[in-house]
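The structure appears below as structure tokens.
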Protein chains: 2
Amino acid sequence: MVVKTSKERIFEEAANLFREKGYQASSMRDLSDRVGLKPSSFYNHIKSKEEILQKICLDNAMKFVDGMKAIKKDSTDPLEQLQAVIRLHIDIAIKDRSSVTVFNDEWKHLSEPHLANFLKMRKRYEKEFKNIIETGIKKKVFRKVNPAIALFTILTSLKWIHYWHKPKRKISVKDLEKDIINLLVNGVSS
Amino acid sequence: MVVKTSKERIFEEAANLFREKGYQASSMRDLSDRVGLKPSSFYNHIKSKEEILQKICLDNAMKFVDGMKAIKKDSTDPLEQLQAVIRLHIDIAIKDRSSVTVFNDEWKHLSEPHLANFLKMRKRYEKEFKNIIETGIKKKVFRKVNPAIALFTILTSLKWIHYWHKPKRKISVKDLEKDIINLLVNGVSS
DNA sequence: GCTATACGAATGAACGTTCGTTTGTAAAGA
DNA sequence: TCTTTACAAACGAACGTTCATTCGTATAGC
């Protein structure tokens, strides 16, 4: 697929635009300038502005859900699973930084029932993540930490990568993953 | 000051509204419903909608800058300083969750020159934070981690508290701080 | 004690602008 | 020929803000 369709370019440029200005502050006329189509032409390809947001949010939710499913299938060791989840977040953030930003920050502008669906998926994902931590504690692979606190601290700690990472940075993705895993698993203390 | 002035109520309700819906999606008419004033009446007390955002962002930036200054004055031990910074973030997040959310998420809607000022303050704060980590590594209090990665991981990991913490939660602020510090300093691994 | 003056606070109406979207039409592609 | 795509024009709705005016109250002059 060397040539992108208009529809593909609408979604791609919308993700970039939403990341830079936020969903509400991005107008269809702004988007028009980037795609090279007049605003009225969008509606030959999409149903509404919010459809763009819905697709971006749902696509990314699926990436995380599918990733989690694969991780639970690949391994039963909590430490391995935790490391794999951290890698999952970093990989997604680097592969498509615009989409993941929109997914992180703009989901609140979804209307019902899409908002409720999104939150349900997120809650389910968090529960599976927490389960990894709880199992690790039970198996004494992890220390006795509060699972909810560990869940949110780790989950949230991975939200800066899309904003920080640029191809020109010297560090490779593999090294970045290694450093962050090391930090979250072992802490900063020597 | 048992009775709040109209101006105080505007800023307070605006912070709540901006937190729930975001700055751009919050209209002066929305705010009007909460404050109990007609939109036109606002302009006897404030200059513009953005002035509200500016004050919230600047006030919170000051809280962090002042907090950091006090920490560097109180102690020279990197571990103590790191712990104090983590407590600072948690305390601010719990004391005024609406303002800190707006500070975290809505600063991008500031216009120039306020945006540039805000980013300059944030960068300076990050530099002072990073300095704590670097000093800790030099003094062998911390392991040899990448300072930039540690900075952003720790800084970002503290951004979920305002959203999660509610007074009805069983856990006290002191215990919450202890748990998070323990997690970030020592990691999850046993 | 009464009136006149001043002024902050609140308001309804309206402003110009921007928003997402629809419509009608014409060209291009199958 | 029939469908897809692009566009200019226009739509009603919502936006932040302004304006002239009114209201309520506190002070000053007599």
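Small disclaimer: the values here were computed from a predicted structure and weren't measured. Hydrogens, waters and symmetry mates are skipped; everything else that's a heavy atom, side chains included, is used.
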Does the protein touch nucleotides 12-19 of chain D at the base, only the backbone, or not at all? Give it as B, S and - per nucleotide, heavy atoms under 4.0 Å. ---BBBBB
How would you summarise protein contacts on nucleotides 25-30 of chain C per nucleotide, using B for base, S for sugar-phosphate only and - for none, with heavy-atom distances below 4.0 Å? ------
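Linking ILVMFWY side-chain heavy atoms closer than 4.5 Å, directly or via other members, places A/Met121 and B/Tyr163 in two distinct hydrophobic clusters. Note on A/Ile56: it clusters hydrophobically with A/Ile94, by side-chain heavy-atom contacts below 4.5 Å among ILVMFWY residues.
Atom-to-atom, CD1 of A/Ile46 to C1' of D/dT4 comes out at 16 Å; the value is rounded to the nearest Å. A/Lys38 places its NZ atom 7 Å from the P atom of D/dC7, with the value rounded to the nearest Å. In this structure, the CZ atom of A/Phe42 is 13 Å from the P atom of D/dA8, given to the nearest Å. Here the P atom of nucleotide C/dG8 and the CG atom of B/Leu37 are 17 Å apart, to the nearest Å. Here the C1' atom of nucleotide C/dA9 and the CZ atom of B/Arg9 are 13 Å apart, to the nearest Å. The separation between B/Lys7 atom NZ and C/dG8 atom C1' is 13 Å, rounded to whole Å.
Between A/Phe11 and the choices A/Lys7, A/Glu13, A/Arg9, A/Glu8, the side-chain contact (heavy atoms from CB on, under 4.5 Å) rule is met once, by A/Lys7.
Relative orientation of the B/Phe64 and B/His89 rings is tilted, given thresholds of 30° and 60° on the angle between their planes.
Within a 6.0 Å sphere centred on NZ of B/Lys72, other residues, nucleotides and ligands contribute more than 12 heavy atoms. The local environment of NZ in B/Lys108 is crowded, with over 12 non-hydrogen atoms from other residues, nucleotides or ligands closer than 6.0 Å.
Neither side chain, A/Thr101 nor A/Arg19, offers a donor N or O lying under 3.5 Å from an acceptor on the other.
Ring centers of B/Phe103 and B/Phe118: under 6.0 Å apart, within the cut-off.
Between A/His45 and D/dT4 there is no side-chain polar atom (N or O) within less than 4.0 angstrom of OP1 or OP2.
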